[in-house]
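Following: one structure in structure tokens, then a few remarks.
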Amino acid sequence: MVNTQHLEVEYTLPGTEILLTHEEGSSSEEGAVEKICLIPEPSDQPDDPLNWSPTWKAIVIVNQAIFVFISVLTPLSIAPLTPIFMQEFRITLPEVNMLFGAVAISLGYANFIIVPFSNVFGRRPTTLICGLVCVLTNVWQALATSYPSFIGARVISGLGAAANESIMPMVVADVMFLHQRGLWMGLYFWSYFIGNFIGPIISGSIAASISWRWFFWVCTILQAGNLLMMVALFPETRYHRPELSTPNSTSSTDVANEESKLEGPIPCETALKQGPRLETGDNVKIGTKHHESRHAHSHPATDHVKGRPAKHQFSLIPRPKIYGALRETLVRDILAPIEIISYPIILWAALSLGFASNCLLALNLTQSQVFAAPPYFFTPAQVGFVNFAFVVGGIIGLCTAGPVSDWVSILLAKRNKGVREAEMRLWVLIPYIAICLVGMTIAAVGYQRHWPWAVIVVVGYGFVGVEVVSIPAIVISYAVDCYKHIPGQIMVTATIAKNTFGFGMIFFFNDWAVRAGFIPPVMTLMALCVGFTLIGTIVFLKWGKSLRLRTRDSKLHSL
């Protein structure tokens with residue numbers, strides 16, 4: 001039971017949630033155990049993914065993480081092979097970079113098809129089909145004997161690997177409660193970028209000791225093994241959860257009329273049943289759309305997750321499930337990623353992710369250019385080994401960004417009478433912005449001055465590894481907190497922004513570095529990431545709630 005402790009909440013809008021309550025007759029000052037409200041509210045069915053046991057949730061998400069790691073390994077790990085491809089296919093450096101660009105552009109735009117498909121047919125069949133495409137195109141790349149054939153295989157492989165850009169965030173939203181998502185969203189970005197980090201190490205070592213073709217055969221074996229794991233251990237996570245209501249629920253008009261007689265803040269029980277007050281001018285209304293009854297579920301989350309997937313959730317035959325008109329569903333999924341780019345929060349999250357991610361691309365595009373030349377004279381294998389610094393940084397980002405952002409949000413919610421604001425997560429961005437500044441500066445100056453001790457440059461790589469996992473994890477979690485019904489569409493928008501910018505970089509970045517030195521291009525990208533992310537953090541910490549208020553009636557919240 002929840003007591004009559006008062007909660008004073010100004011708005012009911014997406015991103016503002018009643019997260020903490022107290023037991024009856026207790027208060028936070030008396031040291032009472034606070035209980036976390038489960039958001040979104042689960043149904044009473046054991047096959048509801050929100051009700052699965054922690055073990056099954058971990059199995060599902062770890063399987064997705066492995067898929068993300070392996071599927072990104074092949075297309076984005078060829079930087080150490082640049083000299084080999086130039087000699088093998090008799091091509092120039094820009095043509096080698098196009099092998100990356102072809103993948104990047106198909107990775108981004110394929111999600112216009114993948115997200116609608118996964119919303120109609122489910123996450124499981126989408127992932128299995130994309131995994132099969134990856135296996136076949138890995139074989140094609142291993143056997144390619146000409147540059148046109150190789151680049152064709154790269155384009156198709158990007159179509160299969162594109163699922164790693166959108167499906168796992170959707171799965172995290174399917175199976176995890178709001179207060180748990182920071183950690184698991186961090187795992188997603190860590191899996192994605194660890195593929196980028198370790199891939200060059202593997203490709204360089206295999207090419208140096210055996211053959212560059214064997215790198216693609218190894219990827220084929222890994223992808224096939226993961227595909228079998230997904231068939232056996234990745235059930236469908238898409239679940240239609242009917243809108244819950246209380247037996248004594250009343251219309252919003254009746255509740256508003258009754259509430260207008262009350263003075264002072266709403267008791268906790270009333271807030272949980274009816275939702276926080278929404279003040280618009282002089283009129284006070286009660287929001288019920290986004291704050292359904294949570295009375296029965298305001299207890300520790302571990303008490304609720306004891307279910308497991310049902311047999312039908314492992315089906316290999318896609319069963320289309322459309323809630324609403326087919327035309328409206330398809331139009332929504334196809335047009336939503338374009339429409340939401342005009343929403344300030346989503347635009348900022350997409351561009352922050354893009355700039356942070358392409359800091360890594362900047363160093364990937366130039367690492368062979370720097371370390372294979374004097375004074376280093378690294379072999380392809382040694383060029384690959386410098387990416388271990390990214391791995392170490394990525395692990396630090398995984399262990400800190402998501403868990404700390406969740407912890408800070410809960411801590412600030414306690415201070416805010418149990419009400420959690422989406423912006424509470426953003427405070428954690430500040431140290432990672434500083435880390436990005438330091439890491440990119442070390443790399444740029446080290447590149448330019450050819451520091452004889454390469455370890456210094458590699459330390460800069462480690463700092464970039466931290467930020468490239470942390471900044472995207474936090475900004476995307478914030479955007480999903482604000483628009484929680486469209487995690488897939490948010491990732492489509494962010495992926496398009498990231499990959500389109502990255503595709504453009506291959507045409508000018510290396511040439512710019514040759515003409516002007518490494519400091520101007522690398523530091524420009526650092527300034528874009530640090531400046532844009534920092535300004536957005538300041539703006540949304542102050543005005544983010546007001547911006548959410550302006551879009552509270554958007555149809556995006558009911559998709």
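Counting begins at 1 with the first residue of the sequence.
Counting only heavy atoms from C-beta outward, the side chains of N119 and Q489 approach each other to under 4.5 Å. Residues F112 and I496 meet the side-chain proximity criterion, which asks for heavy atoms closer than 4.5 Å. Side chains of I114 and E165 form no contact here, defined as non-hydrogen atoms less than 4.5 Å apart. Residues V539 and W348 are not in side-chain contact: their nearest non-hydrogen atoms beyond the backbone lie 4.5 Å or more apart. At least one side-chain heavy atom of I61 sits less than 4.5 Å from a side-chain heavy atom of M176. In this structure the side chain of S53 never reaches within 4.5 angstrom of the side chain of R308, judged on heavy atoms. L412 has its side chain out of reach of N416: every pair of non-hydrogen atoms, C-beta onward, lies at least 4.5 Å apart. Taking the side chain as every heavy atom from C-beta outward, W184 and L187 approach each other to under 4.5 Å.
More than 12 heavy atoms of other residues, nucleotides or ligands shown are found within 6.0 angstrom of CH2 on W56. For L411, the CG atom counts as densely surrounded, since its 6.0 Å shell holds more than 12 non-hydrogen atoms of other residues, nucleotides or ligands. Applying the 6.0 Å contact sphere to CZ of F197 captures more than 12 heavy atoms from other residues, nucleotides or ligands.
Although no hydrogens or angles enter the test, the distance criterion places no donor-acceptor pair under 3.5 Å between the side chain of N358 and the main chain of L361. In this structure, the side chain of S118 engages the main chain of V115 through a donor-acceptor pair within 3.5 Å. A donor-acceptor pair under 3.5 Å is absent between the side-chain atoms of D48 and the main chain of Q45, judged by distance alone. Between the side chain of Y483 and the main chain of I490, no donor-acceptor pair closer than 3.5 Å is present. At least one donor-acceptor pair under 3.5 Å links the side chain of T551 to the backbone N or O of R548. One N or O on the side chain of N111 and one on the backbone of L107 form a donor-acceptor pair closer than 3.5 Å. Side-chain atoms of Q313 come within 3.5 Å of backbone N or O of D47 as a donor-acceptor pair. One N or O on the side chain of R124 and one on the backbone of F234 form a donor-acceptor pair closer than 3.5 Å. A donor-acceptor contact shorter than 3.5 Å is absent between the side chain of N499 and the backbone of S106.
Neither side chain, R425 nor S409, offers a donor N or O lying under 3.5 Å from an acceptor on the other. Between the side chains of S405 and Y478, no donor-acceptor pair is found at a separation under 3.5 Å.
Ring-plane geometry between F532 and F355 is classed as perpendicular, the angle between the planes exceeding 60 degrees on a 0 to 90 degree scale with a lower cut at 30. The aromatic rings of Y188 and Y192 lie tilted to each other, with the angle between the two planes from 30° to 60°.
Within the model, atoms CE of M168 and OG1 of T127 stand 11.0 Å from one another, a figure rounded to the nearest 0.5 Å. To the nearest 0.5 Å, atoms OH (Y109) and OG1 (T500) are separated by 3.0 Å. To the nearest 0.5 Å, atoms CD1 (I435) and CD (E467) are separated by 9.0 Å.
Shown here for F177 and L50, the closest heavy-atom pair between the two residues is CZ-O, 3.5 Å.
Partner I194 forms a side chain to side chain contact (heavy atoms under 4.5 Å, CB included) with one of L398, V391, V469, V72 and no other, that one being V391.
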